Amino acid sequence: MSTAILTGQPVPGSSIEGDLRSLGYDVRVAADAAETETLLAQVPGDQRVALVDARFVGHQHALRLGLTDPRFPLAAIPGAMTAQAAGRQALTRAMARENSSGGAAEFSASPEQAGATVAVDSLADRIVVALDDDGTDVHRPELGSLVAAVPADPQARNEARQAVASVDDEAVRLKSAVKARDGFFTTYCISPYSRYIARWCARRGLTPNQVTTASLVTALIAAGCAATGTRPGFVAAGLLLIFSFVLDCTDGQLARYSLQYSTLGAWLDATFDRAKEYAYYAGLALGAARGGDDVWALALGAMVLQTCRHVVDFSFNEANHDATANTSPTAALSDKLDSVGWTVWVRRMIVLPIGERWAMIAILTAFTTPRITFYALLVGCAFAATYTTAGRVLRSLTRKARRTDRAAEALADLADSGPLAQGLAGALKSRARQLPAFAVPAVALLGGGVVVATAALTDFGGPWPVVAALVYAVTSALAVARPLKGALDWLVPPFFRAAEYGTVLALAVNAGVNGVLPAAFGLVAAVAYHHYDTVYRIRGNAGAPPAWLVRAIGGHEGRTLLVTVLAAVLSASQFKVALTVLAVAVALVVLVESIRFWVSSGAPAVHDEGEPA
């Protein structure tokens with residue numbers, strides 16, 4: 001149970017107590033700062049507590065945004081602030097100083113509050129200013145047209161009440177439930193009604209996690225329908241895939257509508273989208289096989305391409321989100337194009353975000369064949385990858401930015417280097433310092449290209465892929481031997497992903513045995529899950545997966561070398577079995593550790609609010 005402490009003299013006719021109780025707060029009343037400190041000390045340290053001025057006038061959703069969001073230890077709106085367990089110590093210190101000083105005679109608004117209507121003697125606002133002065137991070141949600149104020153006199157109170165009455169906070173709440181940046185298909189074909197589904201779910205007590213799970217189950221049923229290989233099955237698969245995407249949008253909108261963010265929800269949201277899409281690829285491949293068409297290589301190629309696209313996005317963003325002097329003419333041109341309405345939607349559509357991609361897959365599944373579906377997917381994703389990567393390369397080359405140590409560490413974690421590369425990197429550190437600025441991604445690309453080309457162009461079972469994998473281990477070690485702070489060093493992780501996944505694909509194709517490509521699909525899916533898990537840990541400022549996990553599964557260069565050795569010493573049939581065993585082993589290790597982390601108390605309650613994937 002959360003506790004709200006109303007400070008100051010109650011106002012007749014005020015609805016603040018009822019509003020707070022409807023948000024799950026037990027309300028207590030304090031006449032002054034000393035009594036507030038006493039009541040604050042009585043609230044258990046593991047419970048959320050809020051300080052609210054009794055004169056507060058505003059929308060209930062403004063209170064909800066300021067006082068119930070679980071993602072922030074400390075949060076505030078004018079006239080009210082809240083602290084979770086992680087922020088209680090800072091609140092207690094600020095409260096003690098407030099009492100020892102006898103209360104501030106004058107309230108000086110912080111920059112974030114400069115435009116807000118606040119009272120000069122509001123205890124909650126003075127505490128927030130004291131926290132700001134301490135350098136403590138206090139989250140202030142954007143209220144937009146919502147009202148949150150502490151009127152100083154009856155006239156101001158009447159004006160504030162009129163402002164509240166003039167704005168429909170439920171309409172604002174519904175609108176804000178939709179992700180600010182989404183693709184054309186999602187914005188115009190899904191969100192206009194999915195937000196109402198989200199509200200329907202909220203009013204019936206459903207949670208975002210339940211909706212997320214329903215979306216996954218629906219997608220798996222769609223994959224099962226596709227696996228039948230019949231036209232009715234393909235039609236049903238397409239319809240169910242669209243419905244799964246509607247639920248996928250609904251879960252995030254429900255989380256934003258009701259502020260039900262959780263660590264478990266973050267994990268589910270971060271991983272289920274990829275699980276659904278890649279399971280559907282497998283279903284299409286199985287359905288095609290029933291009709292006598294083997295498209296497993298296309299399915300695996302689509303998964304490799306899509307995963308590498310995401311790694312480009314993640315690496316670029318991590319390399320540049322906190323870089324200093326982070327400007328470029330290319331970025332300025334991009335911002336200019338985004339100021340023209342039609343160019344915004346064209347640019348969002350051509351990158352084939354998840355809404356457009358799933359709609360295309362669903363329609364093609366229903367009306368064409370799996371082979372045509374995969375051809376269209378590969379062409380579309382290849383064009384999108386070329387467009388986005390070229391633009392980011394241009395930005396990186398034209399901007400004068402200084403990358404931080406945090407960015408370099410994030411890129412090193414995304415690289416997923418194992419014991420072999422790390423050991424060689426130590427020996428090659430002096431040589432790496434002599435490399436020119438743009439040599440690092442070039443070395444990574446060269447080594448990856450050598451191993452993939454050798455695996456693809458030589459006969460299965462020969463020694464040359466092993467030699468190429470050894471060369472790849474050396475070049476990958478050289479690439480990470482110094483901090484990844486160069487203008488194009490963010491390309492290193494996606495080059496590593498393409499090399500590892502591409503090698504597995506090439507060897508499986510050359511093996512030419514029935515069942516080896518599905519085994520390769522499973523192995524790449526397990527490794528890709530590990531890489532996505534790494535991304536979302538970094539996004540939540542929780543660091544990379546533990547070092548023992550990276551060592552246990554060998555790192556990208558270790559796995560690449562192992563797969564080439566298995567291909568050299570085993571027959572094609574034995575290679576299929578080995579890939580299956582390896583896929584199961586990697587999946588078990590990474591899933592167990594991932595689940596342990598994401599359900600632990602240290603997991604971040606983050607949700608993907610960035611560019612649509």
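In this text, all values refer to a predicted model and were calculated from it rather than measured experimentally.
- Side-chain atoms of Q84 come within 3.5 Å of backbone atoms of P70 as a donor-acceptor pair (strictly under, hydrogens ignored).
- Residues that satisfy the side-chain hydrogen bond (donor to acceptor under 3.5 Å, both in side chains) test with E500, not counting sequence neighbours, are R559.
- S244 and S215 share a side-chain donor-acceptor pair at under 3.5 Å.
- Qualifying salt bridge (Lys or Arg N to Asp or Glu O under 4.0 Å) partners for D533, counting only residues two or more places apart in sequence or in other chains: R537.
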Could you go through the side chain to side chain contact (heavy atoms under 4.5 Å, CB included) check for V492 and V443 one step at a time? CA-CA 9 Å; V492 170; V443 167; over 6 Å; no
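- Panel note: side chain S176, backbone R173; a donor-acceptor pair is recorded below 3.5 Å.
- With sequence neighbours left out, the side-chain contact (heavy atoms from CB on, under 4.5 Å) criterion links L364 to M360, T368, T373, A376.
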Do V592 and R596 pass the side chain to side chain contact (heavy atoms under 4.5 Å, CB included) test, and can you show the C-alpha distance, the side-chain angles, and the key distance before you say yes or no? CA-CA 6 Å; V592 168; R596 182 209 63 79; 5.5 Å; no
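- Using a 4.5 Å cut-off on side-chain heavy atoms (C-beta onward), V474 and L424 make contact.
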Would S145 and V172 count as a side chain to side chain contact (heavy atoms under 4.5 Å, CB included) if you check the C-alpha gap in whole Å, the side-chain angles of each, and the deciding distance to 0.1 Å? CA-CA 8 Å; S145 59; V172 173; 3.6 Å; yes
Might you work through the salt bridge (charged side-chain N to carboxylate O under 4.0 Å, His left out) test for D69 and R256, ending with a clear yes or no? CA-CA 9 Å; D69 197 322; R256 288 182 285 273; over 6 Å; no
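- The salt bridge (Lys or Arg N to Asp or Glu O under 4.0 Å) search around D134 returns R97, not counting sequence neighbours.
- The distance from the CG atom of D273 to the OH atom of Y532 is 10.0 Å, given to the nearest 0.5 Å.
- Shown here are the side-chain contact (heavy atoms from CB on, under 4.5 Å) partners of A83, two or more places apart in sequence or in another chain: V49, L74, R88, L91.
- You'll find the side chain of T212 stays beyond 4.5 Å of the side chain of L247, heavy atoms only.
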Decide yes or no on side chain to side chain contact (heavy atoms under 4.5 Å, CB included) for F495 and S476, but give the supporting numbers first. CA-CA 10 Å; F495 284 160; S476 61; over 6 Å; no
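- Remark: the R48 side chain and the T82 side chain contain an N/O donor-acceptor pair separated by less than 3.5 Å.
- The side-chain hydrogen bond (donor to acceptor under 3.5 Å, both in side chains) test applied to R195 returns no partner, not counting sequence neighbours.
- Ion pairing between E277 and R357 holds under the 4.0 Å rule for side-chain N and carboxylate O.
- Side-chain contact between I538 and T534 is present, with at least one heavy-atom pair separated by less than 4.5 Å.
- The shortest side-chain heavy-atom distance between V504 and V527 does not fall under the 4.5 Å cut-off.
- For H61, the side-chain hydrogen bond (donor to acceptor under 3.5 Å, both in side chains) partners are R64, not counting sequence neighbours.
- Once rounded to the nearest 0.5 Å, the distance linking CZ of R348 with CZ of F185 reads 16.0 Å.
- Distance CZ/F438 to CG/D489: 9.5 Å, rounded to 0.5 Å.
- Judged by distance alone, the side chains of H556 and Y501 never bring a donor and an acceptor atom under 3.5 Å apart.
- With contacts defined as side-chain heavy-atom distances shorter than 4.5 Å, the pair L377/Q306 does not qualify.
- Partners of Y375 by ring pair (Phe, Tyr, Trp, His ring centres under 6.0 Å), not counting sequence neighbours: none found.
- Closest approach of V311 and P493 over heavy atoms only: CG1-C, 3.9 Å.
- Considering only residues two or more places apart in sequence or on other chains, T187 meets the side-chain hydrogen bond (donor to acceptor under 3.5 Å, both in side chains) condition with none of them.
- In terms of the ring pair (Phe, Tyr, Trp, His ring centres under 6.0 Å) criterion, residue partners of F72 (sequence neighbours excluded) are, by chain and number, H139.
- For A198, the side-chain contact (heavy atoms from CB on, under 4.5 Å) criterion is met by T250, Q253, L254, not counting sequence neighbours.
- Closest of all the heavy-atom pairs between R482 and L435 is NH1-O, 2.9 Å.
- Counting heavy atoms from C-beta outward, D416 and V550 have side chains that approach closer than 4.5 Å.
- Panel note: side chain T564, backbone L561; a donor-acceptor pair is recorded below 3.5 Å.
- At least one side-chain heavy atom of L488 sits under 4.5 Å from a side-chain heavy atom of W490.
- Within the 4.5 Å cutoff, no side-chain heavy atoms of N209 are placed close to those of Q260.
- The shortest non-hydrogen separation linking A526 to V590 is O-CG2, 4.0 Å.
- In terms of modelled atom types and a separation under 3.5 Å, the side chain of S194 and the main chain of I190 share a donor-acceptor contact.
- Put simply, OG on S417 and CD on Q422 are 6.0 Å apart, with the number rounded to the nearest 0.5 Å.
- The heavy-atom pair separating K429 from A481 by the smallest distance is CG-O, 3.6 Å.
- Residues F496 and A444 share a closest heavy-atom pair of CE2-CB, 3.8 Å.
- Here W358 contributes atom CH2 and T186 contributes atom OG1; the two are 10.5 Å apart, rounded to the nearest 0.5 Å.
- Here K276 pairs with D248 in a salt bridge; the nearest charged N to carboxylate O distance falls below 4.0 Å.
- Residue A319 comes nearest to L411 through the heavy atom pair CB-CD1, 4.0 Å, listed as atom of the first residue, atom of the second, then distance.
- Aromatic ring pairs are classed by plane angle as parallel below 30°, tilted from 30° to 60° and perpendicular above 60°; the pair F184 and Y188 is tilted.
- Using a cut-off of 4.0 Å between Lys/Arg side-chain N and Asp/Glu carboxylate O, E318 and R406 are scored as salt-bridged.
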Verdict with supporting geometry, K485 and D405, salt bridge (charged side-chain N to carboxylate O under 4.0 Å, His left out): CA-CA 8 Å; K485 292 185 176 182; D405 291 337; 2.3 Å; yes
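- Taking CE of M303 as the start and CZ of F374 as the end, the distance is 10.0 Å to the nearest 0.5 Å.
- Legend: residues meeting ring pair (Phe, Tyr, Trp, His ring centres under 6.0 Å) with Y278, ordered by chain and number and at least two apart, are Y281.
- Y472 and T560 are not linked by any side-chain donor-acceptor pair at a separation below 3.5 angstrom, with hydrogens and angles left out of the test.
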